[in-house]
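Here's the structure, in C-alpha cells; my notes come after.
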2 protein chains.
Amino acid sequence: MDFETVASKLKVMGHPIRLQILDMLRRGETCVCHIERALDRRQAYVSQQLMALRDAGLVDSRKDGLQVYYTLIDEDVASLLEVLIGPMPSMGLEKIDGCTCPACSTILLTEIP
Amino acid sequence: MDFETVASKLKVMGHPIRLQILDMLRRGETCVCHIERALDRRQAYVSQQLMALRDAGLVDSRKDGLQVYYTLIDEDVASLLEVLIGPMPSMGLEKIDGCTCPACSTILLTEIP
DNA sequence: CATCTATATTCAAAAACCTGAATATAGTTT
DNA sequence: AAACTATATTCAGGTTTTTGAATATAGATG
C-alpha cells in the first residue's frame, strides 16, 4: 500500500463527523436513522458523509426494507480508532429515543405498558 | 481526546508527502536536506510541509549549526504508521548521495580515497 | 563584514473540500 | 396506485488546501 493510498484513507477519516460515524460503527452494523439521531445531523448530511466513507472503501451498506445498514469493512480502521480513541465502546447498539429503527423500537415497545 | 482533535491530526497525516516525511522520521532524527533529497522536492516545499507537521504538534525541530533536525514527538504517529504501512524500516538513516548533511558526508569522505 | 548555505516565511492562484438546499429514488403501506 | 418513509444524489456557494514563486533569516565561512 503506497503513501498515496494510505494518505487518502487518512484524509477521509480526518473529519470529525465521519470519524464519529466510524466510531459508532465499531459497535456493529448500524442503520442510517440511528446515526442521524446520535449525531443530531440532518439526514442528507449524514448520507453525504456515508457516501464519502463508502467511496473510500471504509464501509459497506446493506439494504433491509426501508433501512440501510452500514458496516466497517476496512480492517485498519478499527485498529486506528483503538489507538486514537481507545477501546471500542460496549458492544451492541445504544438505544436512542426518537429513533424508529427496528433495533430501537424493540425497547420502545417494551417500555410502553 | 475528542473527535475534533483526533480528526485534525488525521487530516494533517492525510497527505502523501507529509505521510512520507513522518515515515522517514520513524528511523530517527533527520535533517531537512536529507528529506529534501529523499523525496526529491524543492526545499521550500518540504519546509512548508514540515511547518504543517510542526503546527499540528506531530514533530519537533532542533537547530544544530546550519542544519535543522526533525523528530517525531506524537506518540500515536508511530503506532498508526505501524498499522498502515508496516513495521519501521531498518533503524538509522539511509545515506543519500548529493546530500551534504553531516550524516551523509561521513561516508562520502570515507568513500573518496 | 560580505557572502554563502540551509532553512523558513509570505503571497497568490488554482484546486479541492464542506455543507445547505432542493430533489430523486426505492421500498412500504393503505 | 397514491401517499409515505428512509435514504441517496445533485448543485452551488463559500471556505480551506495545495503548491509554486519569490523572498527572508540565521548561522557559517572566508
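The model shown is predicted, which means the values in this text are computed figures rather than measured ones. Chain identifiers are assigned alphabetically (A, B, ...) following the order of the sequence lines, protein sequences preceding nucleic acid strands; residue numbering begins at 1 within each chain.
Here the straight-line distance linking atom CD of A:Q20 with atom CD1 of A:I85 works out to 8.5 Å at 0.5 Å rounding.
Taking all atoms of both residues into account, the shortest heavy-atom contact from B:D64 to B:Y69 is CB-CE1, 3.9 Å.
Between A:T5 and A:D2, the side chains place a donor N or O and an acceptor N or O closer than 3.5 Å (distance only, hydrogens not considered).
A donor-acceptor contact under 3.5 Å is formed by the side chain of B:Q43 with the base of C:dA8. A donor-acceptor contact under 3.5 Å links the side chain of B:Q48 to the base of D:dG20.
Side-chain N/O atoms of A:R42 include one lying less than 4.0 angstrom from OP1 or OP2 on C:dG20. Remark: A:Y45 is not in phosphate contact with D:dT7, judged by side-chain N or O atoms under 4.0 Å from OP1 or OP2. For A:H15, a side-chain nitrogen or oxygen approaches OP1 or OP2 of C:dT19 to under 4.0 Å. Proximity of A:R18 to the phosphate of C:dC18: a side-chain N or O atom is located under 4.0 Å from OP1 or OP2.
Picking from C:dT5, C:dT7, D:dA6 the nucleotide with the shortest atom distance to the side chain of B:L66 gives C:dT5.
With the nearest nucleotide of DNA chain C identified for both B:E36 and A:G65, B:E36 has the one nearer the 5' end. Between A:Y69 and A:K11, the residue anchored closer to the 5' end of DNA chain D is A:Y69, taking for each the nucleotide with the nearest heavy atom.
In this structure, B:L39 atom CG and C:dT7 atom P are separated by 14 Å, rounded to whole Å.
No path of Ile, Leu, Val, Met, Phe, Trp and Tyr side chains, each step under 4.5 Å between heavy atoms, connects A:V68 with A:L66, placing them in separate hydrophobic clusters.
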